[in-house]
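Below is one structure; the comments refer to it alone.
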Amino acid sequence: MDIYDKLTLLYSAKEISLRIAEMGKELSKNFDNKEPIFIGVLNGSFIFLADLIRTVSIDCNIEFIQLKSYEGMVSSGKVEVIKMISSNLNNRHVVIVEDIIETGNTLKFLYDKITQSFPKSITTVTLLKKNMKNQLNFDIDLIGFEIPQDFVVGYGLDYNQKYRNLDGIYHLSNNNNA
Ligand code: IMP
Ligand code: MG
């Protein structure tokens, strides 16, 4: 079966790259002379972070943290750290880079964890945000696209570890006939 049979395009590679260029410009302006540390949340944000960072024109550092919160198409609500970062965040400008915010559980967990290291600032960036009520008691600073509540894949985002390799973002139908 063709993998695209169940997929409907939401954002093409071209649309994504244009939006990311704008985001990189804004971050470069906001963090000039601050040498921020970008923390990508694995696995979902690996492509987004890689593209975003190449649109950033200032000195910066990169780190990754690996978290787990999802099983199939539903958020388990429980977040676990699979791989921790190694840099010292104390007194640093931290930029969290997420692929997608749904319930906000993952981001809230990470935000609280990073706060314990006493950074100078925490900025939150996500490529996608689902248009629904979330758990966050702070604003997301930079959002690529606001999307409906449907499940999406591609551009790093998976369904049971599949579809991360697609260069666009697609809505995945859970209807077998679709
Ligand atoms: P949250 O904790 O509910 O905000 O969910 C955040 C995490 O769940 C994201 O970092 C993704 O890894 C995953 N996730 C949420 N919605 C989707 C989706 O539509 N497609 C793929 N992964 C998703
Ligand atoms: Mg994620």
Side-chain angles (χ1 to χ4, degrees), residues 2-13 15-17 19-20 23 27 37-53 62-85 89 94-116 122-176 178:
D2 190 302
I3 60 169
Y4 293 96
D5 282 354
K6 287 181 164 187
L7 304 175
T8 314
L9 185 68
L10 269 187
Y11 297 105
S12 67
E15 288 171 305
I16 298 168
S17 94
R19 179 66 187 121
I20 290 180
M23 296 171 88
L27 291 166
I37 175 159
F38 287 85
I39 302 183
V41 185
L42 292 173
N43 293 331
S45 73
F46 78 109
I47 295 178
F48 175 42
L49 181 64
D51 282 349
L52 180 68
I53 219 70
I62 323 269
E63 271 276 8
F64 287 100
I65 189 166
Q66 190 169 17
L67 302 176
K68 185 165 184 268
S69 68
Y70 237 74
E71 301 283 353
M73 280 199 184
V74 278
S75 182
S76 69
K78 203 180 85 206
V79 185
E80 282 173 73
V81 177
I82 313 277
K83 179 208 164 282
M84 194 47 197
I85 43 179
L89 303 182
V94 171
V95 181
I96 299 175
V97 180
E98 257 288 22
D99 50 355
I100 185 164
I101 311 296
E102 188 179 55
T103 63
N105 275 333
T106 312
L107 184 61
K108 186 166 189 317
F109 171 89
L110 184 55
Y111 193 98
D112 291 346
K113 191 151 195 70
I114 290 174
T115 303
Q116 293 165 10
I122 306 178
T123 298
T124 52
V125 177
T126 189
L127 179 62
L128 303 169
K129 180 181 169 296
K130 288 194 189 174
N131 202 348
M132 60 188 269
K133 203 169 143 35
N134 63 48
Q135 308 288 319
L136 303 174
N137 48 8
F138 53 87
D139 288 333
I140 301 166
D141 299 292
L142 190 53
I143 298 170
F145 302 102
E146 296 231 23
I147 60 167
Q149 229 171 301
D150 310 322
F151 198 83
V152 295
V153 294
Y155 198 75
L157 291 142
D158 74 307
Y159 170 60
N160 283 344
Q161 303 305 328
K162 277 193 318 191
Y163 303 116
R164 294 193 195 276
N165 54 312
L166 304 177
D167 69 355
I169 295 168
Y170 294 79
H171 169 228
L172 174 67
S173 161
N174 57 8
N175 171 354
N176 288 333

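Start at 1 and go down the list; that is how both ligands and their atoms are numbered. For the numbers below, each heavy atom of this structure counts, side chains included, while hydrogens, waters and symmetry mates do not.
The contact set between ligand 1 and Phe151, taken as ligand atoms under 4.0 Å from a residue heavy atom, comprises 17 (C), 18 (C), 19 (O), 20 (N), 21 (C). Residue contact check: Lys130 has heavy atoms under 4.0 Å from atoms 16 (N), 17 (C), 18 (C), 19 (O) of ligand 1. Atom numbering of ligand 1 starts at 1 in the shown order; those under 4.0 Å from a heavy atom of Asp158 are 21 (C). Taking a cut-off of under 4.0 Å to the non-hydrogen atoms of Glu98, the atoms of ligand 1 that pass are 10 (O). Interface of Asn105 with ligand 1, defined as ligand atoms under 4.0 Å from a residue heavy atom, comprises 2 (O), 4 (O). Listed by atom number, the atoms of ligand 1 under 4.0 Å from Ile101 heavy atoms are 4 (O).
On a distance-only criterion, Val152 and ligand 1 share at least one N/O pair closer than 3.5 Å. An N or O contact shorter than 3.5 Å links Gly104 to ligand 1 by distance.
Closest heavy-atom contact between Phe48 and Leu127: CE2-N, 3.5 Å. Between Val97 and Ser45 the shortest heavy-atom distance is O-OG, 3.3 Å. Between Asn105 and Val79, the shortest heavy-atom contact is O-CG2, 4.0 Å.
Taking CG of Leu128 as the reference point, atom CD of Glu98 lies at 10.5 Å (rounded to 0.5 Å). Of the inter-residue distances, the one linking Leu157 atom CG with Arg164 atom CZ reads 7.5 Å to the nearest 0.5 angstrom.
Evaluation of the side-chain hydrogen bond (donor to acceptor under 3.5 Å, both in side chains) rule for Gln66 yields Asn43 as partners, not counting sequence neighbours.
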Mind listing the side-chain donor-acceptor pairs of residues 136-148 below 3.5 Å, one per line with the distance, residues two or more places apart or on another chain?
{"residue": "Asp141", "atom": "OD2", "partner": "Thr124", "partner atom": "N", "Å": "2.8"}
{"residue": "Asp141", "atom": "OD2", "partner": "Thr124", "partner atom": "OG1", "Å": "3.2"}

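Of the candidates Asp99, Asp51, Asp167, Asp51 is the only one forming a side-chain hydrogen bond (donor to acceptor under 3.5 Å, both in side chains) with Tyr155.
Considering each of Asp99, Ile169, Asn43, Leu127, the one bringing a non-hydrogen atom nearest atom 12 (O) of ligand 1 is Asp99. Among His171, Glu102, Lys129, the residue whose heavy atom lies nearest to atom 4 (O) of ligand 1 is Glu102. The option from Thr106, Leu128, Leu136 that lies nearest to atom 5 (O) of ligand 1, judged by heavy atoms, is Thr106.
Within 6.0 Å of atom NZ in Lys83, more than 12 heavy atoms from other residues, nucleotides or ligands are found, so the atom counts as buried in its surroundings.
Ligand 1 has no atom lying under 4.0 Å from any heavy atom of Val153. Using a 4.0 angstrom heavy-atom cutoff, Leu157 counts as in contact with ligand 1.
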